[in-house]
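Reviewing the structure listed below.
Given the structure is predicted, the values throughout are model-derived calculations rather than measurements.
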Amino acid sequence: FRSIFQRINMSTNRRILLAVDGSEHSDRALKFYAESIWQPGDEVIFVYCVEPPRLSLSDMVSSGASDAFARGVESAVQHGHRLADELRAKCTVLGVTSTVRFVERMEPNGAGAAIVDVSQEEAVTCLVLGSRGLGKFRRTFLGSVSDYVLHHSRKPVLIVPPQ
């Protein structure tokens, strides 16, 4: 672990992917990044993933599936824009003066798959994400984004656990 961390730290032109969802867990990951591994010159790529809207039977009957789907997508996009604004402000407070980009993904296969895909497309140096700290039993039935990313990424993954 140390050799990977040192190699990442010594690298110039680092591209760091931070998976975010507006939760305390992603805030904790951002804070850890800012306090522990941020370097001037880093490019920070925030990734926000949502699943496509699920439609109820009443949505499909009352206003048509396409209208309900469009409203769900618009709601997710608006939430993503608010989250991007909040993250830019948090970066300023934390002293992260890097280039910051925000990528939104709508992924039917789950957030973990989207995060791994974006990390490959963006050729990132490292991925940073928070963990909810689920036990084995709960993780088995509920799934875990951090677990998926850890096992499917081809880049180093830093998972920030709960305190």
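The closest side-chain heavy-atom distance from Phe102 to Val20 is below 4.5 Å.
Here Arg14 contributes atom CZ and Gln39 contributes atom CD; the two are 3.5 Å apart, rounded to the nearest 0.5 Å. Note that CG of Asp117 and OG of Ser153 are 10.5 Å apart. Values are rounded to the nearest 0.5 Å. Summarising the geometry, atom NE2 belonging to His79 is positioned 10.5 Å from atom CD belonging to Glu104; distances are rounded to the nearest 0.5 Å. For the atom pair CZ of Arg28 and OG of Ser23, the computed distance is 7.5 Å after rounding to the nearest 0.5 Å. Distance CG/Leu129 to CD1/Ile115: 6.0 Å, rounded to 0.5 Å. Ile159 contributes atom CD1, which lies 4.5 Å from atom CG of Leu150 (distance to the nearest 0.5 angstrom).
In this structure, Thr125 contributes its side chain and Arg15 its backbone to a donor-acceptor pair below 3.5 Å. Not a single donor-acceptor pair under 3.5 Å links the side chain of Asp42 to the backbone N or O of Val44. Although no hydrogens or angles enter the test, the distance criterion places no donor-acceptor pair under 3.5 Å between the side chain of Ser98 and the main chain of Val100. Of the possible donor and acceptor atoms, none in the side chain of Ser36 sits under 3.5 Å from a partner among the backbone N and O of Tyr33.
Closest heavy-atom contact between Cys49 and Ala114: SG-CB, 3.5 Å. Closest approach of Phe46 and Cys91 over heavy atoms only: CZ-SG, 3.6 Å. The minimum heavy-atom distance between Val145 and Ala111, with the atom names listed, is CG2-CB, 4.0 Å. Smallest separation of non-hydrogen atoms from Asp21 and Tyr48: CA-CD1, 4.2 Å. Shortest non-hydrogen contact noted between Leu83 and Gly22 is CD1-CA, 3.6 Å. Ala29 approaches Val160 most closely through the heavy-atom pair CA-CG2, 3.9 Å.
In this structure, Arg101 pairs ionically with Glu43, as a charged nitrogen and a carboxylate oxygen lie closer than 4.0 Å. A salt bridge links Glu121 with Arg105: the distance from a Lys NZ or Arg NE/NH1/NH2 to an Asp or Glu carboxylate oxygen falls below 4.0 Å.
Here side chain to side chain donor-acceptor pair (under 3.5 Å) pairs that include residues 84-96, with residues two or more places apart or in two chains, are Asp27-Lys90.
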Under the side-chain contact (heavy atoms from CB on, under 4.5 Å) rule, what do Val103 and Ile45 come out as? Steps first, then yes or no, please.
CA-CA 7 Å; Val103 176; Ile45 302 166; 3.8 Å; yes
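His81 is linked by a ring pair (Phe, Tyr, Trp, His ring centres under 6.0 Å) to nothing, counting only residues two or more places apart in sequence or in another chain. Checked against ring pair (Phe, Tyr, Trp, His ring centres under 6.0 Å), His151 has no partners two or more places apart in sequence or in another chain.
Ile16 pairs in a side chain to side chain contact (heavy atoms under 4.5 Å, CB included) with only one of the listed residues (Val124, Val128, Val96), which is Val128.
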